[in-house]
2 protein chains.
Amino acid sequence: MTTSARTSTRPDLIAILENNGFRVTGPRIEIIKCLEKHPDGFTAEEVAESLSQVSRATVFRTLKLLLGANVLCRLALPGGTPRYSLSREEHHHHTVCVNCGKVGEFKASTMERLLRAIGSEIPGEIVGHNIEFHILCNTCGP
Amino acid sequence: MTTSARTSTRPDLIAILENNGFRVTGPRIEIIKCLEKHPDGFTAEEVAESLSQVSRATVFRTLKLLLGANVLCRLALPGGTPRYSLSREEHHHHTVCVNCGKVGEFKASTMERLLRAIGSEIPGEIVGHNIEFHILCNTCGP
DNA sequence: CTCATTGCAAATGGTTTGCATTGGG
DNA sequence: CCCAATGCAAACCATTTGCAATGAG
């Protein structure tokens, strides 16, 4: 099993494939290399477009596979095309620029404390959440 | 202008139409009556289905109109059909049951304080957010 | 060898749009 | 009356799927 630390903060996606019993194929390697070139997030379309050799279906199948392995997040701006982003942190939240679509991640300790506290105000058992902040990033901002 | 308080906590949707310069038509009244019958949220499909006299296109056009007036929220469970929910409170967050899809609202003061505090941890100007809690409601829960 | 994976093209599901018709104000 | 709103059907867009061909282990 491949355990080389390809980057210090991101999981080794090839190893993820192997550890989950998926084959390491040409198309999958191409897709993964492409994802790693887009630290600010990407759309499925962008990936498919830049990999003309790989079929759209395979792109979607691979994205779904990575979503299932919890190393990829899908998030949607209201009314926009969904954007995907490789996960850096184990548990984190996202910022999405409403102008350029750039996706960022953050991990706020304040947030973690809140999530624990909020349970008592909610009727039922919390099994997950979706927390996105819509921002104007420093490049697009005023 | 119609200002009767049809319900104590929900905005008067007919008045919303008038105040925004939209016509109060038969189909729109039908749709609004239908939405008000579903306090736990609904899908566009459910509305269209229960209103066979009204065309699907008009259902979507009316939902979009209400979304634009900020009296309706659209939210999506990962991988599921988007659900809509009429807003009760001016500013609130949602819970969605991952089993039955029931949508709830809550307004946590803890949350409001957090949202103010979190600004300093985020690079850029916050212009909005999307916060949904995925729960197992008391009916579906363990 | 064999079964997971791929490509292709057609199907899907949610939503939107063009255009002629209808109906509120 | 007139333009906003509607119905219909076709168009759209992201995504999924059936199936035969391919290729990783």
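As a basis for the values below, the full set of heavy atoms in this structure was taken, side chains included, without hydrogen atoms, waters or symmetry mates. Just so we're on the same page: letters track the sequence lines, and every chain starts at 1.
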In whole Å, I'd like the distance from the [atom1] atom of [X] to the [atom2] atom of [N].
{"X": "A/E30", "N": "C/dT6", "atom1": "CD", "atom2": "C1'", "value": "14 Å"}
{"X": "B/L63", "N": "D/dT6", "atom1": "CG", "atom2": "P", "value": "12 Å"}
{"X": "B/E18", "N": "D/dA5", "atom1": "CD", "atom2": "P", "value": "13 Å"}
{"X": "B/N20", "N": "D/dA4", "atom1": "CG", "atom2": "P", "value": "15 Å"}
{"X": "A/R28", "N": "D/dT22", "atom1": "CZ", "atom2": "P", "value": "19 Å"}
{"X": "A/L75", "N": "D/dA14", "atom1": "CG", "atom2": "P", "value": "16 Å"}
{"X": "B/L51", "N": "D/dG7", "atom1": "CG", "atom2": "C1'", "value": "14 Å"}
{"X": "A/I31", "N": "D/dT15", "atom1": "CD1", "atom2": "C1'", "value": "14 Å"}

Checklist line | A/K33 vs A/E36, salt bridge (Lys or Arg N to Asp or Glu O under 4.0 Å): CA-CA, chis, key distance, verdict | finding: CA-CA 5 Å; A/K33 283 199 298 195; A/E36 287 172 339; over 6 Å; no
Next item on the list: Starting at CG of A/L17, measure out to CD1 of A/I29 and round the result to the nearest 0.5 Å.
Entry: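 These two atoms lie 8.5 Å from each other.
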Checklist line | Point-to-point distance, once rounded to the nearest 0.5 Å, from CD1 of B/I16 to CG of B/L65 | finding: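 So the gap between those two atoms works out to 10.0 Å.
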What donor-acceptor contacts under 3.5 angstrom involve side-chain atoms of residues 47-60 of chain A, with partners at least two apart or in another chain?
{"from": "A/S50", "atom 1": "OG", "to": "A/E46", "atom 2": "O", "distance (Å)": "3.4"}
{"from": "A/S50", "atom 1": "OG", "to": "A/V47", "atom 2": "O", "distance (Å)": "3.2"}
{"from": "A/S55", "atom 1": "OG", "to": "A/A57", "atom 2": "N", "distance (Å)": "3.2"}
{"from": "A/S55", "atom 1": "OG", "to": "A/T58", "atom 2": "N", "distance (Å)": "3.3"}

Notebook entry, point to check: Nearest heavy-atom pair of B/S85 and B/L75: which atoms, and what distance?
Noted result: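 Heavy atoms of B/S85 and B/L75 come nearest at CB-CD2, 4.5 Å.
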Check: Tell me, do B/H93 and B/E132 make a side-chain contact under 4.5 Å, heavy atoms counted?
Finding: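 Counting from C-beta outward, B/H93 and B/E132 never come under 4.5 Å.
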Item checked: Reading 5' to 3' through nucleotides 15-25 of chain C, protein heavy-atom contacts under 4.0 Å coded B for base, S for sugar-phosphate only, - for none -> BBBB----BBS
